[in-house]
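The residues of the chain are indexed from 1 along the displayed sequence.
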Amino acid sequence: MAAFPRLALVAVAVLACKSTLIDAANGVSSKLQVHIPKALTKTGGYDHREALFGVPPYGGSLQQSVYYADSDLCDANVDTRKGFPIRSKDDDGNMLPWPSPYILMVDRGGCTFVQKVRNAQRSGAAGVLIADNTCLCSAGDSCFSDPGVDCETREPIMADDGSGSDISIPSFLVFKQDADPIKAELMANHMVRLEMAWSLPSPDDRVEYEFWTTPTDMVAKDFQKQWKAAALALSARAYFTPHMYIYDGIKSGCQGADGENQCYNLCTNNGRYCATDPDNDLDQGISGADVVSESLRRTCIWKHYGEKDGVGANWWDYINEFMFRCDTEDYFTNPDCIRDAMTHSGIDGGKIDQCMGDSGGLEDDAPNTILEDQLAAKDSTGVVILPAAFVNGAAIRGALEFDVIFKAICAGYLAGTEPNICKECSTCPDEHQCVVNGYCHTPKAEGAVSNQVFAGSLLGLAAFFSCVGFIQWRRSQRQTREQVRSILAEYMPLDEENKISTAIVDDDEDQGGEGEFA
């Protein structure tokens, strides 16, 4: 019964994938320029297309010497002693390997783009240029195809074959009319040095970023657990918008001609809004309709507790409380568990229930305004692969990890307007810990303390030594007084004796005088 709807959902995803690849390829502004030799330098750089896999250094660049592999690089055992320019030989008479770091130029064809770049990455390449071997028909007389090879009517897309999550280096596709001169220079054993650079759209001093996921997305869980600290640290300098990914059930054939739901429990509203079954078991566990319901709830929470400031502290709290309390088959739809998660997040459950109902609910064959907005946003963005993130409208590639998204956001500010948290943490080895602590913890700073702690400690020490000094002064004063008293006590008896002795002599003298005159 569910076979047809599932095929229909796949068909919709494939149709949407095309727009995703094109949008993602054009979203980020990148540059390819040859610096040496000067004769190959082009005003504005070389036309190229970015790969939809790998992790570009957003806001940065890669400037290295280029080596031509003289191979399609489809074999995992890459011979790094081949290629051009020719290098010196070692003691055994073998040409030295490509000296790292380097950018590797590889011929197109023979295997997937992902396989080529993966093999180049394993060989030590810092970046990859795929040299196209077929002219585009639109290139006209500027490109010359090999004999017997027809031109291509459509541009090739460096798409991910589904296994590119392990690739961390960037790569470009260079069209044949541009790749041939570079290749010829290398094969003539001349050094070529070029730059690959990336920048995100930087319209102003505030970055806008979006996040697409589902309530059952396992890949996004770690990111969601960590990101609240960054959202609070970026504060008003970055506006966040979460999106819940659902399918259009009508377009995918889940609503029959009679208006009945044809997709069992994958959809709500008589087949209008659907989601995949997370455990692929239509008879038990969490259903697609359950995912749609939780998606609507989270969107309502955002509207009430995040849409105004773009930070959404309560929204992030709810996501984490839900994952901690209710993210199991038994409690995913449990009203008490959901209410408990909202209570611990400071969310008014009554407001959220009203929001879900006022938007159109989930039961009747009627449109839900909030879910319709999500479908429209999905179509305009062209997102298919989940989870997905966009910064200033540009798709962010690579694994959904804290450091990848944080660097991309910090690269999205107009130059000179970056918030302090970006200046402090975007180059830190551990961005997440830096954001949490407010300072970068590096091996050099082992045992270091924050400015606040240092200042507090300094004041505490000053107060301590002041007290010690005061006590010592009082003690010294007391000892001085005691010494004075002791000295006085020692000499006062002598004074008394002297007084007595003097009095006796005087008496004798008086008596003696009287005897003599008698």
With Q433, which residues qualify under side-chain hydrogen bond (donor to acceptor under 3.5 Å, both in side chains), at least two apart? N437
Any salt bridge linking D248 with K378? Criterion: basic side-chain nitrogen under 4.0 Å from a carboxylate oxygen. no
Test ring pair (Phe, Tyr, Trp, His ring centres under 6.0 Å), reference F240, set W227, W302, F390, output is W302
How would you list, by chain and number, every residue that makes a salt bridge (Lys or Arg N to Asp or Glu O under 4.0 Å) with D72, sequence neighbours excluded? none
Donor-acceptor check, side chain of D161 to backbone of V114, threshold 3.5 angstrom: yes or no? no
So, does R298 use its side chain to make a donor-acceptor pair with the main chain of L296 at under 3.5 Å? no
Heavy-atom donor-acceptor pair, R81 side chain to M95 backbone, under 3.5 Å: yes
Got a sec, which residues hit side-chain hydrogen bond (donor to acceptor under 3.5 Å, both in side chains) with K116, two or more places apart in sequence or on another chain? none
Mark yes or no for whether N334, through its side chain, and D330, through its backbone, hold a donor-acceptor pair below 3.5 Å. no
Can you tell me if R237 uses its side chain to pair, donor with acceptor, with the backbone of D205 under 3.5 Å? yes
Nearest atoms (heavy-atom pairs only) where Q374 meets T299: NE2-CG2, 4.0 Å
Go through the structure and list residues passing side-chain hydrogen bond (donor to acceptor under 3.5 Å, both in side chains) with D317, not counting sequence neighbours. K228
Any residue meeting side-chain hydrogen bond (donor to acceptor under 3.5 Å, both in side chains) with E210, in chain and number order, not counting sequence neighbours: H243
Qualifying side chain to side chain donor-acceptor pair (under 3.5 Å) pairs with a residue from residues 117-127, counting only residues at least two apart or across chains: Y102-S123, R118-S163, R118-D166, Q121-S168
Salt bridge flag under 4.0 Å for residues E195 and K31: no
Residues two or more places apart in sequence or in another chain: which of them pass side-chain contact (heavy atoms from CB on, under 4.5 Å) with D353? R339
Within the side chain of R87, is there an N or O that forms a donor-acceptor pair under 3.5 Å with the backbone of K82? yes
Taking the two cysteines C274 and C267, decide whether their SG atoms are closer than 2.5 angstrom. yes
Applying salt bridge (Lys or Arg N to Asp or Glu O under 4.0 Å), name anything that partners D340, two or more places apart in sequence or on another chain. R325
Applying side-chain contact (heavy atoms from CB on, under 4.5 Å), name anything that partners D348, two or more places apart in sequence or on another chain. Y305, K351
Applying salt bridge (Lys or Arg N to Asp or Glu O under 4.0 Å), which residue pairs with at least one partner in residues 420-433 are found, sequence neighbours left out? K407-E431
Would you compute the distance between atom OH of Y318 and atom CG of N314 and round it to the nearest 0.5 angstrom? 13.0 Å
So, are D373 and K303 salt-bridged, with charged N and O less than 4.0 Å apart? no
Donor-acceptor check, side chain of E208 to backbone of Y239, threshold 3.5 angstrom: yes or no? no
Tell me whether R108 is salt-bridged to D132, with the criterion being a basic N under 4.0 Å from an acidic carboxylate O. yes
List for me each residue that meets side-chain contact (heavy atoms from CB on, under 4.5 Å) alongside T213, sequence neighbours excluded, and say none if there are none. F211, D217, A220, Q224, M244
With a 4.0 Å cut-off on N to O distance, would you call D107 and K183 a salt bridge? yes
Hey, what's the ring geometry for Y68 with F84, parallel, tilted or perpendicular (30° and 60° as the breaks)? parallel
For A463, enumerate each residue passing the side-chain contact (heavy atoms from CB on, under 4.5 Å) test, keeping only those at least two apart in sequence or located in another chain. none
